[in-house]
Every structure is written in structure tokens, then in C-alpha cells.
Amino acid sequence: MSDMQKRPEDIDRESEEIIEETMKEIFDDINNSDEFKEMDDSYEESEEAADESGQEDKAEEENGRPLSEDTDAGDLSSDDSDIETAGVEEEPDSEDEAAEEEASGDNDESDEDDFEPDEDDVESNEDDFEPGEDDVESNEDDFESDEDDGEEEETEAEKELRRHRRRKKAGIIAASVAGALILIYIGFAVFFSSHFIFFTEINGQDFSMKSVSQVEEYMKKQVADYVLTLKESDGGTETIRGADISLEYVQGKELKQLVKKQNNFLWIESLWKHPEITAEVGVKYDENALKSITENLKCLNPDNQTASVDAHPEFKDTEFVIVPEVIGTQIDTEKFNEAVSTAIKGFVSSVDLADAGCYIKPRFVSDSKEVTAAKDAMNSYLGASVTYDFSPNTEVVDASVISQWVKVDADMNVTFDEEAVKAYIQTLADKYNTKGKTRTFTTAGGNSVTVEGGSYGWRIDQEAEYNALTANIKNGETVTREPEYSSRAASHDVNDFGNTYAEVDLTNQQMYFIQNGQVVLQTGIVTGNPNKGNGTPQGTYSLAYKALDQVLRGKKKPDGTYEYESPVKFWMPFNGGIGFHDATWQPTFGGSRYQTNGSHGCVNMPYDKAAQLYDLISAGTPVILHY
């Protein structure tokens with residue numbers, strides 16, 4: 001089994017055995033070294049010197065006590081005499097004295113026999129001796145006190161001597177241990193000047209305590225059997241064999257430089273800071289062969305890849321919530337090639353494509369602040385409500401509609417689905433716009449006619465309305481309003497012109513003004529001459545404005561004059577240059593006169609009728625012209 005195939009626990013066990021063997025070798029070297037022997041001899045000499053010094057100190061203390069101690073000894077002898085007089089036996093001071101006492105024992109007994117006195121004498125003597133007992137007791141107390149003092153002083157001295165000896169011995173031992181430790185530490189530092197320190201991994205492989213030559217030898221052995229395994233996110237694997245790309249080991253300076261870069265005098269840090277080195281270790285291979293192999297890998301096939309999806313807000317039930325990101329299998333080819341190349345150059349046995357950052361990851365995840373801010377903004381938009389007034393009808397834009405329009409762009413900026421919003425506004429226009437539409441109209445005479453064309457009617461200004469509506473939503477407003485119009489009408493009923501308007505019957509050459517549903521003005525008219533191409537167009541229009549004392553002019557000719565110039569008192573245009581006005585040059589009105597003496601398109605009226613209409617009509621009033 002190759003080193004690349006060994007289990008981590010086996011590698012750890014071997015590392016521990018190597019450390020133990022190395023420590024043993026270093027300890028043996030230190031024990032056999034001359035420096036350590038000299039240290040050991042000096043330690044023994046210091047021990048002997050300490051013992052001799054201790055004995056001398058003790059002798060000095062015994063033979064050279066202070067004068068106060070001698071005085072006490074004298075007192076003690078005096079007291080001993082008193083004690084003997086009082087009948088207290090003194091312990092022999094030595095073995096010789098004890099022997100003498102034993103030898104004289106018989107004499108003492110005979111003395112006792114000879115000394116037996118009369119009872120009366122004894123009693124008398126006892127009476128005489130009583131006062132002496134106090135003296136004996138006093139002397140005994142003095143003796144005991146003096147004896148205790150002597151013993152206490154001796155004990156303290158001995159203790160101090162023992163402490164002194166222990167301190168010397170402990171200092172010598174500590175110095176020896178410290179020296180040994182220093183030698184061991186320096187030994188490791190020297191060793192690691194040419195070897196990788198403990199727990200060193202190069203490209204994921206353990207090279208603890210290996211020399212450069214040992215690492216190089218390992219590299220050479222790995223070339224023949226090298227296989228790079230690619231671990232994919234879906235659990236699949238693919239391999240690239242070194243033999244297929246003509247992989248060779250090339251001895252270089254990289255490993256030597258790595259050894260030099262490590263701080264061998266701080267090798268102890270490696271025991272808790274495990275060095276992990278990623279480096280190119282000197283290989284060469286056929287790059288074209290590698291490219292051919294990688295291009296045919298399944299993981300790089302676009303059909304097998306799925307794009308990642310950013311976390312994003314999404315409407316659920318009543319509010320926007322964050323949908324988590326989805327990590328796909330789409331590969332960043334540049335990072336993939338870089339990871340594969342680095343692995344091969346470092347003899348790495350496997351590459352986890354996800355860990356190596358080969359997959360194109362989502363830009364935003366669930367807890368990204370941009371996603372959270374977007375969600376909050378979108379939920380604030382849901383508080384808006386816009387009610388459109390199309391009296392008598394209404395249209396409402398609320399959360400159910402807004403939720404379909406609000407979205408985020410690729411950078412998590414909250415935007416509106418412009419197409420969706422404008423499509424909604426278009427539906428409003430289709431439903432409520434009337435401008436340009438064909439109308440069915442009931443004339444003042446009671447006939448039903450169809451009226452086509454004209455510029456009158458409702459028309460929503462869709463661009464302006466888009467801006468107004470999105471502003472309402474962004475501000476969270478609740479409003480009821482009309483949409484933005486580019487053209488207005490009188491009513492949202494079927495007949496948007498309402499019940500006040502001007503009617504021009506082009507066929508019968510009659511003009512009517514209906515006010516609140518009643519005809520308040522009727523007159524014959526002369527409209528444009530169709531035979532000259534000046535026929536008055538039909539359609540529904542609205543009065544643009546009205547003015548007094550105007551001069552109506554035709555087209556300007558090259559000489560600066562106009563085709564015609566007609567001063568009028570009452571001018572009421574409704575279709576560009578076409579309008580109502582008085583025409584004092586017309587002798588008669590109505591009938592078929594318009595076909596021969598018709599206008600350039602205007603509706604000619606009698607002076608008094610024009611004056612009357614001027615008072616009745618106002619800007620915006622519908623004008624309906626029909627045949």
C-alpha cells in the first residue's frame with residue numbers, strides 16, 4: 001500500500017513513533033555528550049561540598065554557642081545540684097557515667113540501710129524539710145524551662161540546615177533539568193533545519209520530520225501510479241490518470257526553499273499550529289493531453305450543468321418571502337482548469353470541485369442584506385391602493401395586482417415589470433378610450449347615424465399614467481383618482497359627448513346646439529365645397545377655443561399674399577383651421593349652396609346665429625358632424 005493510500009490514523013501513529021524515536025535519539029546523544037558528563041560531575045561535587053559545609057556549620061554551632069547559652073548551661077548545673085539535694089535523680093550524661101552509677105549501686109543500698117533514723121527524727125526532719133520542697137519545685141521548673149529553650153534552639157537550627165541543603169539540591173537539579181531541556185530544544189532546532197517540522201502537510205500529504213531527499217523520493221514513487229480524482233457535487237467522480245498526460249517528476253528547488261522558510265527555532269509551535277503548505281513540487285506533463293481529457297469530462301458537458309439560482313423575494317399568499325438560493329452544477333471553466341493544474345503540480349490525489357470553488361455560486365444567499373432589503377421594500381409596496389374613477393365605473397390596483405408587477409433585478413434592486421404594468425394600463429385604454437372610435441348617434445331630427453373619425457373622446461396618456469401609478473405604489477399611497485389623459489370627453493357613458501353639444505348635419509346643411517338634451521339653437525349653414533376638394537370632414541371633435549374679430553387667411557402665396565383673407569366677428573375652431581364663424585358675404589344658408597359656393601371647410605353661419613352660438617358654446621364642447 002502506497003503512502004498516498006494510507007489511512008489518516010496509520011499516518012498519525014507513524015508520526016508519533018517517529019517523534020518518540022527522535023526524542024530517544026536526542027536524549028541518548030545528550031546523555032553521552034561530554035557537556036552532560038561534566039554537568040553531572042559538577043553536580044556530585046556540589047553535593048559533597050554541601051554535605052561538608054553542613055557538617056561544619058553544625059560543628060560550629062555546637063562548639064561556638066553564644067555566651068548566653070553557656071550561662072544557661074551553668075544555671076542548669078546549679079539547678080541539677082539542687083535537684084540532687086532534694087532527692088531528684090539526675091540522668092547520666094553518658095554511658096561511662098551510667099556504668100559508674102551501676103558499679104556504685106551496692107554502696108548506695110548499704111548507705112540506705114545505715115541511714116535508717118528514728119521515726120521522731122524523721123518527722124522532725126520532714127517538718128524542717130518542707131520549706132525546701134518549694135525550692136525544689138522552683139528549681140525543677142527552671143530546669144525544664146532551660147532544657148526546653150535549648151531543645152527548641154537546636155531544632156530550629158537543624159531545620160534551617162536541612163532547608164539550606166534542600167534549596168541547594170533543588171537549584172542544582174533545576175539547573176540540570178533546564179540545561180537538558182535547552183539541549184533537547186536546540187537539538188530539535190538543528191534537526192529541523194534540514195527536515196520538515198512536526199505535523200507538516202504539503203498538498204495534503206503528511207511529511208512530518210522528513211528531509212527534502214525523503215520527500216523527493218516519495219514524489220518520484222508517486223508519479224507512476226498517480227491518479228487525480230474529481231469529486232462532483234452530485235456525488236459522482238471522474239479521474240485523470242498521470243500516465244495519460246505523461247506526468248513526470250522534476251527535481252527542483254521548491255522543497256529546499258520550503259524547509260528554509262520554516263522557522264526551525266520555533267518548531268514547538270507546530271505541536272498546536274499544524275503547518276499546511278500548498279506548493280508546486282516540480283512536475284511536468286502534456287498540457288494538450290490534459291486539455292483533451294478535461295474537455296471530454298461529463299461535468300464540463302453543458303447538457304449536464306444547471307445554473308445556480310440566487311436567493312430572492314417571492315410572493316406567497318399575502319406577502320413577499322425569501323426563497324433560498326440553489327447551488328447548481330454549472331462550472332467556472334477557468335477556476336476548474338486552475339484547480340486541476342494546481343492539484344497535479346502538487347501531487348494532490350483528489351479535488352472536491354465544490355470546495356475548490358469550481359461551481360458558479362449564487363451571488364446572493366438567504367441572509368444577504370440586499371435580499372432582505374429588497375423583500376422589505378416589496379412588502380411596503382403592497383400597502384398601496386389606487387382606485388381609478390371612470391364614473392360610474394371604477395378599477396382598483398391593490399396588493400393582489402401589485403404583487404405581480406414588483407420584482408428584483410440581478411443586483412437585487414426593486415423594480416417593476418414594466419411590460420406587465422403597461423399591459424395593465426393598455427387594458428384600461430382599450431376599455432375606456434373613445435377618441436377616434438366610430439359612434440352611433442341619434443340626430444336632433446331623431447335619426448340614427450354612424451359617425452366616424454374626429455379627435456374627440458377619452459384617451460389615456462399611457463406613459464404619464466405608468467409614471468404616476470408606479471409612484472403611487474412606491475410611496476405606498478391609497479388614492480382614488482382619474483388616470484392621466486391626453487384627451488378628455490364629457491362622459492363615460494355610451495355617448496361620451498354627454499347631453500350638451502353642437503351637431504352639424506352635413507347632408508341637410510343644418511346646425512343645432514343641444515343644451516342639457518334640448519335644442520336651443522338651429523340654423524341653416526354653408527359648409528365646405530366638396531366639388532373643389534374643400535368638403536367639411538365628418539367626425540366628432542371638441543371646440544378648441546373661441547375668439548372675436550379674427551381674420552381668416554388661406555395659404556400664403558409666393559408673392560406674400562394669401563389665397564384669401566376673410567375678417568370675421570366670431571371665431572370658434574374645432575378641427576384645426578376649421579370652425580364656426582359668421583359669414584356676412586353669404587346671401588343665403590342651407591340647401592345645396594355649399595356645392596357651388598361652399599366654404600374652404602368652415603361652417604358658415606348667419607351673423608346673429610354665430611353670435612348666439614358664441615354665447616352658448618365653450619372650449620371642450622363636443623362638436624358632431626355627420627352626413
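Around the NZ atom of Lys361, the shell of radius 6.0 Å holds no more than 12 heavy atoms that belong to other residues, nucleotides or ligands.
Taking the side chain as every heavy atom from C-beta outward, Thr229 and Ser349 never approach each other to under 4.5 Å. Leu428 has its side chain out of reach of Pro483: every pair of non-hydrogen atoms, C-beta onward, lies at least 4.5 Å apart. Residues Leu247 and Phe347 have side chains in contact (heavy-atom distance under 4.5 Å, counting atoms from C-beta outward). With a 4.5 Å cut-off on side-chain heavy atoms, Ser368 and Asp310 do not count as touching. For the pair Val408 and Phe364, the minimum side-chain heavy-atom distance is 4.5 Å or more. The shortest distance between side-chain heavy atoms of Thr329 and Glu232 does not fall below 4.5 Å. Looking at heavy atoms from C-beta onward, Ile173 lies out of side-chain contact with Ser176 at the 4.5 angstrom threshold.
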Exercise. Show the numbers, then the answer: is there a side-chain contact (heavy atoms from CB on, under 4.5 Å) between Thr394 and Thr480?
Key: CA-CA 9 Å; Thr394 59; Thr480 299; over 6 Å; no

Exercise. For the pair Leu353 and Phe336, evaluate side-chain contact (heavy atoms from CB on, under 4.5 Å) and give the outcome as yes or no after the intermediate values.
Key: CA-CA 8 Å; Leu353 299 185; Phe336 174 84; 3.8 Å; yes

Practice problem: Verify side-chain contact (heavy atoms from CB on, under 4.5 Å) between Val351 and Val340, making sure each step is shown before the conclusion. | Solution: CA-CA 7 Å; Val351 173; Val340 170; 5.9 Å; no

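For Ser491, the side-chain hydrogen bond (donor to acceptor under 3.5 Å, both in side chains) criterion is met by Asp493, not counting sequence neighbours. For Asp332, the side-chain contact (heavy atoms from CB on, under 4.5 Å) partners two or more places apart in sequence, or in a different chain, are Glu334, Lys335, Ile360. Residues that satisfy the salt bridge (charged side-chain N to carboxylate O under 4.0 Å, His left out) test with Glu338, not counting sequence neighbours, are absent from this structure. For the salt bridge (charged side-chain N to carboxylate O under 4.0 Å, His left out) test, no residue two or more places apart in sequence or in another chain qualifies with Glu370. Here Glu465 pairs with Tyr388, Arg481 under the side-chain hydrogen bond (donor to acceptor under 3.5 Å, both in side chains) rule; sequence neighbours left out. With sequence neighbours left out, the salt bridge (charged side-chain N to carboxylate O under 4.0 Å, His left out) criterion links Glu395 to Lys431. Checked against side-chain hydrogen bond (donor to acceptor under 3.5 Å, both in side chains), Glu477 has the following partners two or more places apart in sequence or in another chain: Asn472, Asn475. Under the side-chain hydrogen bond (donor to acceptor under 3.5 Å, both in side chains) criterion, Glu314 pairs with His312, Lys316, sequence neighbours left out. Under the rule for a salt bridge (charged side-chain N to carboxylate O under 4.0 Å, His left out), Arg459 has no partner lying at least two apart in sequence or in another chain.
Between Thr318 atom OG1 and Leu382 atom CG the span is 8.5 Å, to the nearest 0.5 Å. Atom CG in Leu625 sits 8.5 Å away from atom CD in Gln538 (nearest 0.5 Å). Interatomic distance, OG of Ser208 versus CD1 of Ile197, reported as 8.5 Å (0.5 Å rounding). Considering OH of Tyr501 and CG of Asp496, their distance stands at 12.0 Å, rounded to 0.5 Å. Interatomic distance, NZ of Lys375 versus CD1 of Ile322, reported as 5.0 Å (0.5 Å rounding). Between the CD1 atom of Ile460 and the OG atom of Ser486 there is a distance of 9.0 Å, given to the nearest 0.5 Å.
In this structure, Asp355 does not pair ionically with Lys231, as no charged nitrogen and carboxylate oxygen lie closer than 4.0 Å.
Ser455 and Lys435 get closest at one heavy-atom pair: O-CE, 3.0 Å. Nearest approach of Thr372 to Ser366, heavy atoms of both residues: OG1-O, 4.4 Å. What you find for Lys437 and Asp430 is that their closest heavy atoms are NZ-O, 3.6 Å. Closest non-hydrogen pair, Ala490 versus Gly498, comes out as CB-N, 4.1 Å. Closest of all the heavy-atom pairs between Met378 and Val414 is CG-CG1, 3.8 Å. A pairwise comparison of heavy atoms in Ile327 and Pro362 identifies CG1-CD, 4.0 Å as the closest pair.
Using cut-offs of 30° and 60° for the angle between ring planes, the Tyr485 and His492 rings count as tilted. Using cut-offs of 30° and 60° on the angle between ring planes, the pair Phe188 and Trp267 is tilted. The aromatic rings of Phe441 and Phe497 sit perpendicular to each other, their planes meeting at more than 60°, with 30° as the lower class boundary.
Using modelled atom types, one finds no donor on one side chain facing an acceptor on the other under 3.5 Å when comparing Thr470 with Tyr381. For the residue pair Thr415 / Asn413, no side-chain donor-acceptor distance below 3.5 Å is found, with atom types taken as modelled.
Judged by distance alone, the side chain of Thr434 and the main-chain N or O of Trp458 form a donor-acceptor pair under 3.5 Å. At least one donor-acceptor pair under 3.5 Å links the side chain of Ser211 to the backbone N or O of Gln214. Between the side chain of Tyr226 and the main chain of Glu248, no donor-acceptor pair closer than 3.5 Å is present. Between the side chain of Gln262 and the main chain of Leu258, no donor-acceptor pair closer than 3.5 Å is present. Proximity of a side-chain donor or acceptor of Ser487 to a complementary backbone N or O of Gly457 within less than 3.5 Å is detected. Thr621 places a side-chain N or O within 3.5 Å of a backbone atom of Ser618 that can act as its donor or acceptor partner.
Checked against the 6.0 Å centroid criterion, the rings of Phe315 and Phe320 qualify as a close aromatic pair. Ring centroid separation for the pair Phe207 and Phe196 does not come in under the 6.0 Å cut-off. Annotation: Phe416 is not in aromatic contact with Tyr466 [ring centroid separation under 6.0 Å not met].
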For residues 237-245, dump all side-chain donor-acceptor pairs below 3.5 Å to protein atoms at least two apart in sequence or in another chain.
| from | atom 1 | to | atom 2 | distance (Å) |
| --- | --- | --- | --- | --- |
| Glu238 | OE1 | Lys298 | N | 2.9 |
| Glu238 | OE2 | Lys298 | N | 3.3 |
| Glu238 | OE2 | Cys299 | N | 3.0 |

Without placing hydrogens or testing angles, list every side-chain donor-acceptor pair under 3.5 Å for residues 287-296, not counting sequence neighbours.
| from | atom 1 | to | atom 2 | distance (Å) |
| --- | --- | --- | --- | --- |
| Thr294 | OG1 | Leu290 | O | 3.1 |
| Thr294 | OG1 | Lys291 | O | 2.9 |
| Asn296 | ND2 | Ser292 | O | 2.7 |

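Here salt bridge (charged side-chain N to carboxylate O under 4.0 Å, His left out) pairs that include residues 410-419, with residues two or more places apart or in two chains, are Arg363-Asp411, Glu418-Lys422.
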